[in-house]
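Lettering of chains follows the sequences in order, A, B, ..., and the numbering in each one begins at 1.
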Number of protein chains: 2
Amino acid sequence: MTSTRATLQQVAERAGVSLASTSRALHGTGASKAMVERVRAAAAELGYSPDAVGRSLRMKKTFQIAFAVADIGNPVYVEMMRAIHGVLAPHGYRVVVMTTGDTTGSTADLVRSLNSGFVDGMVISPLRTDDRLIQEIQQAAVPVVVIGRALGDHGISSVSTDSAGGIGAAVRHLHAIGRRRVGFLNGPLDTTPGEARQRGFDAAVRAEGFAAERIEVEIAGDFTVAAGLEAARRLFARAPDGAGQLDAVVAANDLLAIGVIHAARELGLSVPQDVAVTGMDDIEIGRVFHPSLTSVSLGSTERGRAAAQLMLRLTEDPGQQAQQVAVGPALIVRKSTDGGAR
Amino acid sequence: MTSTRATLQQVAERAGVSLASTSRALHGTGASKAMVERVRAAAAELGYSPDAVGRSLRMKKTFQIAFAVADIGNPVYVEMMRAIHGVLAPHGYRVVVMTTGDTTGSTADLVRSLNSGFVDGMVISPLRTDDRLIQEIQQAAVPVVVIGRALGDHGISSVSTDSAGGIGAAVRHLHAIGRRRVGFLNGPLDTTPGEARQRGFDAAVRAEGFAAERIEVEIAGDFTVAAGLEAARRLFARAPDGAGQLDAVVAANDLLAIGVIHAARELGLSVPQDVAVTGMDDIEIGRVFHPSLTSVSLGSTERGRAAAQLMLRLTEDPGQQAQQVAVGPALIVRKSTDGGAR
DNA sequence: GTGAAAGCGCTAACAT
DNA sequence: ATGTTAGCGCTTTCAC
C-alpha cells in the first residue's frame with residue numbers, strides 16, 4: 001500500500017519527461033506513441049490516479065450536479081433521483097443530494113450557495129416558489145433546472161407537467177363510472193402542487209356537472225400517509241353515512257390516497273365498492289397495494305430523465321437559452337376504482 | 001447580476017488589505033475588529049462567496065462523503081441515505097450518491113476510484129463481498145465504513161446487524177402462534193443478506209423442532225416484489241392445497257413478503273388466517289400495507305446514522321482504529337401474522 | 001512533439 | 001495584528 005497518492009509531477013519525474021507531456025500523454029492528445037507508452041508505464045508503477053480537485057480548479061468544472069428536494073425519502077423524489085443518476089453517471093457526473101428545507105427562504109439560500117462552485121449545475125424540485133427564489137435561480141452561478149412549475153416566462157429551464165389536467169382526468173373517470181358524490185383530499189394550498197391540483201379539481205367538477213352540495217374538500221397538513229389518514233377521517237365525517245356518504249375520493253397524491261383507503265377501512269367502507277379512490281404520481285407501492293391504486297402518472301422517471309438531459313446540454317453550453325419540457329399526465333386505472341358501475 | 005464570481009483577491013483589493021488578512025478576517029481568526037468589519041463590507045459589496053474547489057485543494061478536504069449502494073431506489077437504502085444525510089449535512093458535509101453495480105468487481109472499482117480524492121470518505125453497503133473488495137477497502141485512500149457484514153477482523157469499520165438472528169425471531173414467533181408448516185422465501189444465496197438469512201432460517205427451524213418434511217425453501221432472483229411474487233408462486237405450488245398447505249411463510253425482506261401476500265391472494269388464501277407472513281427490514285410501506293406487515297426491523301435509519309457518525313469521527317482522525325457498531329434486530333408484530341391461534 | 005511556466009482560488013507558514 | 005509568499009494538483013497557453 002502506497003502511503004500517499006502519487007501526483008502528476010511524480011509520474012513525470014518517474015518517466016523522465018515534462019509535466020506537460022505527462023498530462024497530454026494521459027489524455028491522449030498530441031503525444032507520440034512512445035511518450036504515451038512511457039508515461040502510462042510510469043503512472044501504472046506509481047498507481048497514479050488523477051486528482052479530481054486539482055483538475056476541477058484548473059478546468060473550472062466539478063463534474064458534479066446537485067439534486068435538491070424537500071424530502072429525499074419521498075418516493076416521487078427517489079424515482080426522480082434514480083432517473084437523474086441514471087442519465088448523468090454514464091457521462092461522468094456525480095450526483096450530490098441536497099435538501100431545500102421547508103421554506104422558500106431556505107430554498108433560495110440553497111440556490112445562492114451555488115456561488116461556492118461545488119457543482120456544475122442543480123436540478124431542483126421546490127415545493128413552493130416565490131419571487132426571491134425565482135430571482136436567485138435567475139442569478140444562479142450555474143445552470144439550474146426546475147422540476148415543477150413551468151418557469152419559461154422567467155427565463156428559467158423547467159420540466160413541468162399538467163397536474164391540474166391530471167386531476168381532471170381522475171374526476172372524469174370517477175364520473176364515468178357513475179360516482180356522483182365526490183371528495184377531494186388535497187395537500188397544503190400554498191404549495192405548487194397543492195395549488196395546481198385544487199385548480200384542476202375545481203375546474204373538473206364544474207365541467208362534469210357535479211352538484212356543489214355533493215362535493216367535499218379537505219386539506220391535509222402535508223403530502224404524507226399520516227397526514228392523509230387524519231384528514232381523510234375529517235373528510236368522511238363531514239359526509240355522514242347513508243345517502244350522504246361519499247362514493248369517490250380524489251387524493252392529491254398516492255400517499256394521501258393510501259391514507260384515504262385506511263380511513264375508509266376504519267369506517268367499514270369497502271374500496272372501490274362503497275368508495276372509489278384515486279391517487280396521483282403512480283408510485284411503485286401503489287401497484288402492489290391492496291387494492292391496487294388507480295393513479296394519475298406524472299412521469300416522475302421521465303421528468304427526472306428529461307431534467308438531467310436538459311442539464312447535460314446546459315453544462316456543455318451554459319450561455320444557452322432556457323429550455324422547457326412538458327410531460328403529460330396519464331390516468332392509470334387499477335382496482336381502487338375498478339368495481340364496476342353501482 | 002455580477003457576471004463573474006468575485007475571488008478573495010478581489011475582496012482584498014477592494015478592502016485595500018492583504019490577501020491573508022482577508023482570509024483571516026472572513027474566518028474570524030486573529031483579525032482586529034476593524035479589519036473584520038472592513039473586509040466584511042468589501043465582501044458584501046462584491047457579493048463574494050468562497051470557492052469550494054480552491055479551498056478543497058488547499059485544505060485537502062472536500063467536505064463530501066459518498067454513499068454507495070447497488071440500487072438507490074430500494075427503500076432500505078433510501079432510509080439509510082436519509083439518515084446519513086441528516087447526520088452529515090449539519091456538519092457541513094455534502095452527500096454524493098453512487099451505485100456499486102451488480103458485481104463485486106464493479107464495487108471494488110468504485111472503492112478504488114476514491115483515489116481521485118473527490119470525497120473525504122465513503123459509506124458503502126455492498127450486496128456481495130469478496131477478497132478483492134475487502135482489499136480495496138483496506139487500501140482505500142479515504143476512510144470507508146461498510147454497512148452490512150461485520151468486517152472488524154479485516155480492520156475495516158463496519159455497522160452490522162444480526163439478520164440471521166432476526167430470521168430466528170420470526171421463526172420462533174410463527175411457531176409460538178401455532179404454525180407448523182413453514183416456507184422460506186429467500187433472495188440470492190451468494191449475497192451477504194441471502195447467506196445470513198438462510199443460515200438463520202436453517203438454525204431456527206431446527207431449534208424450534210420443525211419437521212424437515214414440513215419445510216419448503218424457495219429462492220427469488222433478487223430482493224424485489226416482482227421476483228418475490230414469481231418465486232412465491234413456485235413456493236406455494238410445491239406445497240399443495242389441503243393438509244399439506246403452508247401455514248406460514250418467512251420472507252427474507254419486506255419486498256419479497258409483499259410478493260408472497262400477492263401470491264397467497266391469487267390462490268384465495270387469506271393472510272394471516274390461512275398463511276401468516278413475515279418480512280424483514282420494516283420499511284415504511286409495510287406499516288400501511290394491508291394487512292400490515294409483521295417484520296424484523298434491522299434498524300436501517302439507526303444503521304445509517306451510526307455509519308455517518310462513525311464516518312465523522314474517522315474524517316476528523318483518519319489514523320484511527322477501525323470501529324465496529326452492531327444494531328440488534330427487533331421483531332415487530334403486525335396484522336400479517338396476528339390472526340390468533342388456529 | 002515536447003518543455004517551461006503561468007495560474008485556477010485558497011490557506012497557512014513565516015516574517016514583520 | 002498584518003503582510004509576503006509558497007504551494008495544494010492540474011491543464012493549457014506559449015515557445016521551441
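- Checked by atom type and distance alone, the side chain of A:T22 pairs as donor or acceptor with a backbone atom of A:S18 at under 3.5 Å.
- Close to C:dG9, at under 4.0 Å from its OP1 or OP2, lies a side-chain N or O of A:K60.
- Partners of A:Y77 according to the ring pair (Phe, Tyr, Trp, His ring centres under 6.0 Å) rule, which considers only residues two or more places apart in sequence or in another chain, do not exist here.
- A cation-pi arrangement is absent between B:R94 and B:F63 under the rule of less than 6.0 angstrom and at most 45 degrees off the ring axis.
- To the nearest angstrom, C1' of D:dG9 lies 10 Å from CD of A:Q9.
- Note that A:R5 lies outside the cation-pi zone of A:Y48, set by a 6.0 Å cut-off to the ring centre and a 45° limit from the axis.
- Other residues, nucleotides and ligands place more than 12 heavy atoms under 6.0 Å from the CD atom of A:E45.
- For A:R5 and D:dC10, the CZ to C1' distance is 12 Å, given to the nearest whole Å.
- The CZ atom of A:R55 sits 13 Å away from the C1' atom of D:dT12 (whole-angstrom rounding).
- A straight line from CZ of B:F118 to P of D:dC8 spans 22 Å, rounded to a whole angstrom.
- Residues meeting the side-chain hydrogen bond (donor to acceptor under 3.5 Å, both in side chains) test with B:T103, sequence neighbours left out: B:S106.
- Residues from residues 19-30 of chain B that place a heavy atom under 4.0 Å from any atom of DNA chain C, listed by number: B:L19, B:A20, B:S23, B:R24, B:H27.
- Within the nucleic acid shown, B:V53 has no heavy atom closer than 4.0 Å to any nucleic acid atom.
- Atoms OH (B:Y48) and P (C:dG9) sit 10 Å apart, rounded to a whole Å.
- Between the P atom of C:dA12 and the NZ atom of B:K61 lies a distance of 13 Å, rounded to the nearest Å.
- Heavy-atom distances to DNA chain D give each of B:S18 and A:L57 a nearest nucleotide, and the one nearer the 5′ end belongs to B:S18.
- Put simply, the residue from A:I137, A:D109, A:T107 that forms a side-chain contact (heavy atoms from CB on, under 4.5 Å) with A:R132 is A:D109.
- Residues from residues 31-43 of chain A lying near DNA chain D, meaning a heavy-atom separation below 4.0 Å, are absent.
- With sequence neighbours excluded, the residues satisfying salt bridge (charged side-chain N to carboxylate O under 4.0 Å, His left out) with B:K61 are B:D120.
- Applying the ring pair (Phe, Tyr, Trp, His ring centres under 6.0 Å) test to every pair with at least one member in residues 129-148 of chain B, sequence neighbours left out, gives no pairs at all.
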